[in-house]
Amino acid sequence: MGCFHSTASRQFPGYEDPVFLASQTAFSVSEVEALFELYKSISSSVIDDGLISKEEFQLALFKNKKKENLFANRVFDLFDVKHKGVVDFGDFVRTLNFFHPNASQEDKIDFTFRLYDLDGTGFIERQEVRQMLIAILCESELKLADETIEVILDKTFQEADVNQDGKIDRSEWQQFVSRNPSLLKIMTLPYLRDITTTFPSFVFHSEVDEMAT
Amino acid sequence: VASQNPVTMNAFELISTSQGLNLGTLFEK
């Protein structure tokens with residue numbers, strides 16, 4: 001694929017060599033290049049600066065930049081590995097790697113723990129879960145009485161919070177997810193297996209030799 | 001939220017139905 005040499009991609013802030021990114025992730029070099037096509041389209045949707053802002057991320061997720069969503073914000077924060085308020089290409093590929101069908105279950109469990117540990121204390125606390133439940137109810141327009149929310153929280157913490165200290169630690173989370181594997185469904189994106197067919201135009205911008213793919 | 005009765009679900013099953021956690025839409029053109 002060395003026919004179309006271009007240095008355009010190297011001018012993207014945070015651009016990293018696809019061969020290097022492939023060596024660190026479950027993606028092949030061609031898949032990293034196909035992801036770059038997706039990345040370019042998201043990062044230029046509002047401001048064409050080669051970086052993904054929260055607004056651009058939400059626009060790609062909801063097709064509507066005005067939609068505020070607690071969970072989308074959390075996911076964006078986890079993509080923003082360097083805490084710069086924006087996601088660069090390396091962040092994008094490394095974080096999507098957690099969602100790869102071949103990523104380890106351990107990594108997926110760890111990602112969900114960080115996702116739900118809203119304030120980053122190292123525990124998923126009851127008030128955080130309550131906050132997330134209220135957010136999901138607002139999002140879905142489903143109405144549940146406060147007492148019903150507390151019943152759901154009681155039931156969840158009885159099962160997950162093994163030492164009953166009112167918060168879920170990493171080890172309790174690991175055990176809870178093992179007993180409820182459907183909770184990891186959000187962590188696998190089958191799309192990532194077909195990324196090169198979804199974004200075939202990567203072949204026109206490839207900067208690596210076919211041997212490397 | 002889900003086809004199941006929400007009261008029978010644990011909190012995280014409910015939470016994981018959020019659109020904000022469905023990254024599949026990033027890949028829809």
Side-chain angles (χ1 to χ4, degrees), chain A residues 38 41-42 57-58 60-63 67-76 79 95-96 99 112 115-116 124 126 129-130 132-133 135-137 139-142 144 148-149 151-153 155-160 168 173 176-177 180 182-187 189-192 194-195 198-199, chain B:
Chain A
L38 171 63
S41 119
I42 298 174
F57 186 75
Q58 288 179 345
L61 211 51
F62 300 119
K63 318 299 174 203
K67 192 155 183 171
E68 262 296 312
N69 183 287
L70 169 76
F71 304 103
N73 283 344
R74 275 306 291 155
V75 174
F76 179 85
F79 268 82
T95 310
L96 278 178
F99 295 84
T112 53
L115 180 67
Y116 297 142
I124 302 173
R126 187 176 169 114
V129 185
R130 185 185 291 111
M132 292 188 277
L133 273 181
I136 189 72
L137 294 177
E139 187 185 318
S140 65
E141 293 174 1
L142 177 78
L144 288 181
T148 310
I149 293 176
V151 168
I152 294 171
L153 284 169
K155 199 178 115 211
T156 304
F157 275 77
Q158 268 163 24
E159 200 192 332
I168 302 166
W173 179 248
F176 183 66
V177 173
N180 297 275
S182 66
L183 296 181
L184 283 191
K185 216 171 149 195
I186 56 163
M187 285 307 302
L189 295 171
Y191 299 88
L192 292 174
D194 305 319
I195 194 81
T198 311
F199 298 96
Chain B
V1 167
S3 50
Q4 217 179 320
N5 178 357
V7 184
T8 66
M9 298 167 79
N10 74 53
F12 296 101
E13 282 172 322
L14 273 168
I15 288 164
S16 63
T17 62
S18 171
Q19 280 179 55
L21 297 177
N22 177 16
L23 296 201
T25 55
L26 290 179
F27 300 86
E28 289 166 8
K29 290 184 180 175

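A, B, ... follow the sequence lines: proteins, then strands. Residue 1 opens every chain. Only heavy atoms go into these numbers, but all of them, side chains included; no hydrogens, no water, no symmetry mates.
Interface residue A:I168: only side-chain heavy atoms are found under 4.5 Å from chain B. Heavy atoms of A:L70 lying under 4.5 Å from chain B are absent altogether. Contact of A:I149 with chain B is not made at all, since no heavy-atom distance falls under 4.5 Å. At a 4.5 Å heavy-atom cutoff, the contact between A:V129 and chain B is made by backbone and side-chain atoms alike.
No other option in A:I42, A:T112, A:V151, A:L133 has as many heavy-atom pairs under 4.5 Å with chain B as A:L133. Most heavy-atom pairs under 4.5 Å with chain B: of the set A:F76, A:F99, A:Y116, this distinction falls to A:Y116. The candidate with the highest count of non-hydrogen atom pairs below 4.5 Å against chain B, out of A:F157, A:W173, A:F57, is A:W173. The candidate from A:L153, A:L96, A:D194, A:I152 with the greatest count of non-hydrogen atom pairs under 4.5 Å with chain B is A:I152. For the options A:M132, A:E141, A:K155, A:E139, heavy-atom pairs under 4.5 Å to chain B are most numerous at A:E139.
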Determine, stepwise, if the pair A:F71 / B:Q19 fulfils side-chain contact (heavy atoms from CB on, under 4.5 Å).
-> CA-CA 8 Å; A:F71 304 103; B:Q19 280 179 55; over 6 Å; no

Take B:T25 and A:F62 through the side-chain contact (heavy atoms from CB on, under 4.5 Å) test and state the conclusion after the steps.
-> CA-CA 7 Å; B:T25 55; A:F62 300 119; over 6 Å; no

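In terms of heavy atoms, A:L189 sits closest to B:G24 at CD2-N, 3.5 Å. Residue B:I15 comes nearest to A:I136 through the heavy atom pair O-CD1, 4.0 Å, listed as atom of the first residue, atom of the second, then distance. Across every non-hydrogen atom of B:E13 and A:S182, the tightest pair is OE2-OG, 4.1 Å. Considering all non-hydrogen atoms of both residues, B:G20 and A:N69 come closest at CA-OD1, 3.7 Å. Considering all non-hydrogen atoms of both residues, B:L23 and A:L61 come closest at CD2-CD1, 3.7 Å. Annotation for A:K63 and B:E28: closest pair NZ-O, 3.3 Å, computed over non-hydrogen atoms.
Residues meeting the side-chain hydrogen bond (donor to acceptor under 3.5 Å, both in side chains) test with A:E159, sequence neighbours left out: A:N180. A:T198 is linked by a side-chain hydrogen bond (donor to acceptor under 3.5 Å, both in side chains) to nothing, counting only residues two or more places apart in sequence or in another chain.
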